[in-house]
Structure formats: structure tokens, C-alpha cells
Asks: 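Sharing a structure, written as C-alpha cells. Questions coming.
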There are 2 protein chains.
Amino acid sequence: MASRTVLEREQTWTIAQIAEEFAITHRAVRHYEELGLISPERRGTIRVYHRRDRTRLALILRGKRLGFPLEEIRTIIDLYDAPRGRRSQLEYVLAQIDERRADLEARRRDLDEALAELDTFEARCRADLKA
Amino acid sequence: MASRTVLEREQTWTIAQIAEEFAITHRAVRHYEELGLISPERRGTIRVYHRRDRTRLALILRGKRLGFPLEEIRTIIDLYDAPRGRRSQLEYVLAQIDERRADLEARRRDLDEALAELDTFEARCRADLKA
DNA sequence: ATCCTGCTTTACGTTAACGTAAACGTCAAG
DNA sequence: CTTGACGTTTACGTTAACGTAAAGCAGGAT
């Protein structure tokens, strides 16, 4: 094995690696950038992705799985690294968090209801099987 | 108060009432019908909605809130009143149920993670406030 | 008879989230 | 030096889920 650089000077990734790892296309990655969801470094013309971008991508994809539109996802994840500086800002952020939480909890209620219905439905099916 | 019909001969609704009650548009209701998600009775040319349609609409809207595409929602709710007759059918349905459950549970994991992150993020904000 | 209200169909428009193709720069390997 | 392998921009295409007219029927009120 080749020796590693002793000072790991912050790892970076290419767009191909990112796409591969997150199982999406280059196009999708650039699309998220167009919408301002990520903003990779540029070395000349080429995009260079850092851990920060990967974190954001993970959040984006989870947001998608949860059914949020990309624009909304952007405002949400922007919250996370907003400059939590002035008091007014902080209070605004806290309010936003409350909204988000309410939204997510409503979804969880829906989800739990759906799961419960699945259960009772499965029970009916199993009963039919024995008959 | 006017006297009610003693034999309540199964209540029905017009498209306007349905749209109003579920807070959606006539267009959306018809759209769901085009995709085969509901199939109201026809009296002449006019659509007549029964309780069955209302049940389905509720399921549709919940599916939407959970981020499922309409086509998928259709196959799901069709399951609910599939002719649970022959054994082979039943086993197929049970398999489908398992898939659905896996899907929903994955979503719940995502959701719970998101909520957890919101919590820790809120904590950080509150800490900043005291500083 | 005519007008209004509610319902209908037909059909084109719109937004979101990419897909897909074209056309071009670049750098290391053959 | 030319050929790939990757990367880039530009731009039109596509699917989903309706929105939005346009145009017409049907039955009750005026």
C-alpha cells in the first residue's frame, strides 16, 4: 500500500465519484447546483466537491424521499448553515424549525395511520386464508 | 327541522361538494378519475359520488402527502378492494403488503432522523441564544 | 323564451425534476 | 498527434399533476 499523506489536507471528490456514490446522475447533481442546493468549488472550469457538499446531498436525497420539493429542501438545508449570529436571526431560525417539525410530525401521523391500516388489512387477508 | 328519510338510502355527493370538502379542485377530482383512482357512478352524464369514492379520495390525498406518485397510489388502493378470492390472489396481496410496509418503514426512518436532527439543531440554537 | 348556475368534454398551457443530445475543452496514454 | 476518458455548457424533450380557457348541454328561476 502506498503511504498516505500525513496531513490529510481535506479530501475532495469529482462529479463522477459523487454521482456514483449517491447513485444519481451527473445531470441531477448539476441540477441541484443550478437550484442553489449545493455549490461545489471550481478549479478552473471543473467542479470539486468537499465533505460539505456530500452532507448536503445526503440531506437533499432524504428530503426527496420524504416528498419535499427541491426548492423547499433548499430553504431547509440553508437553515442548517445559516450564520446563526444575531439574536433576531436565531429567533427566526427557531421559528422555522418549529414549522418544519410540525410538518414532519404531520407526515409521521399519516405514515403511522397508513401502517396501521396495512396491519389490519393484512389480518383480514390472513383470516381469509384460513377460511 | 325537516324530517329525514327514514330509510337513509345511501347518501351521495356532487363533484362540487366533494371538491369543497377535500379542498381540491373539480379538475383534480376528474384527473384522479382519468387515472383510474376513483370511478364515480354516472347518472346520465353527471358524476355521482358515494362513500366508497370518499374513502378512496382520503387515501389518495394521504398518499400524496406522503409523496407517492398517483400511479403508485392507484395500485395501492386497488389492493384494498381487490377481490380477495383465490388463495394465489391472497398470497400475492400479502406479498404486496410486505413491500408497502417496507417502503413506509424506510420513510419513517428517514422522518425520524430528520426530526432528531431538527432537535439537536434547535438545541445548538438555544445554546447560542444564551451565550 | 332567456338567463343563470352547475356540470360536461376537449384541449392546450405550466411547473418540477430531471433526461438526452450536441458540441466543445483537456489532459494523459498510445 | 490523435484517441479516449471525463469534464463543461447550452438547449430542447419528457413525465407528472394538474391549471386554465373554450364551448356546450340541462334544468330551474325570472
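Chain letters run A, B, ... following the sequence lines, proteins first and then strands; every chain starts at 1.
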Asks: First locate atom CZ of B:R109, then atom CG of B:L104, and finally report the distance between them rounded to the nearest 0.5 Å.
Replies: 11.0 Å
Asks: Return the 5'-most residue of the pair A:T25, B:T14 with respect to DNA chain C, ranking by each residue's nearest nucleotide.
Replies: B:T14
Asks: Against the six-membered ring of A:F68, is A:R107 placed for a cation-pi contact (under 6.0 Å from the centre, within 45° of the normal)?
Replies: yes
Asks: In this structure, how many angstroms lie between the C1' atom of D:dT8 and the CZ atom of A:R30, rounded?
Replies: 7 Å
Asks: Under a 4.0 Å N-O cut-off, is there an ion pair linking A:D103 with A:R100?
Replies: yes
Asks: Base, sugar-phosphate, or nothing: which does A:R42 touch, judged by heavy atoms less than 4.0 Å apart?
Replies: sugar-phosphate
Asks: Hey, is the side chain of B:R27 poking within less than 4.0 Å of OP1 or OP2 on D:dT20, counting only N and O atoms?
Replies: no
Asks: Measure the distance from NE2 on A:H31 to P on C:dT15 and round it to the nearest whole Å.
Replies: 14 Å
Asks: If you go through the side-chain atoms of A:R47, does one of them form a donor-acceptor pair with the base of D:dT8 closer than 3.5 Å?
Replies: no
Asks: Between atom NE2 in B:H26 and atom C1' in D:dA21, what is the gap in whole Å?
Replies: 15 Å
Asks: How long is the line joining CD of B:E34 and P of C:dA11, in whole Å?
Replies: 12 Å
Asks: So, taking the atom named NE2 in B:H50 and the one named CD in B:E10, what distance separates them when rounded to the nearest 0.5 Å?
Replies: 5.5 Å
Asks: Atom CD of B:E33 to atom C1' of C:dC7: distance rounded to whole Å?
Replies: 13 Å
Asks: Closer to the 5' end of DNA chain D via nearest nucleotide, is it A:A16 or B:F68?
Replies: A:A16
Asks: Under 4.0 Å between a side-chain N/O of B:Y32 and OP1 or OP2 of D:dC18, yes or no?
Replies: yes
Asks: Counting heavy atoms from C-beta on, name the nucleotide in D:dG7, D:dA17, C:dC7 closest to the side chain of A:I15.
Replies: D:dG7
Asks: For the pair A:D110 and B:R108, evaluate salt bridge (Lys or Arg N to Asp or Glu O under 4.0 Å) and give the outcome as yes or no after the intermediate values.
Replies: CA-CA 10 Å; A:D110 275 333; B:R108 191 165 55 178; over 6 Å; no
Asks: Please determine, for the side chain of A:A28, which listed nucleotide (C:dC18, C:dA17, D:dT8) has the closest atom?
Replies: C:dC18
Asks: Quickly work out the A:E20 CD to D:dG7 P distance and round it to whole Å.
Replies: 12 Å
Asks: Measure CD/B:E71 against P/D:dA16 and give the value in whole Å, please.
Replies: 7 Å
Asks: Send over the distance from B:R43 CZ to C:dT8 P, rounded to a whole Å.
Replies: 13 Å
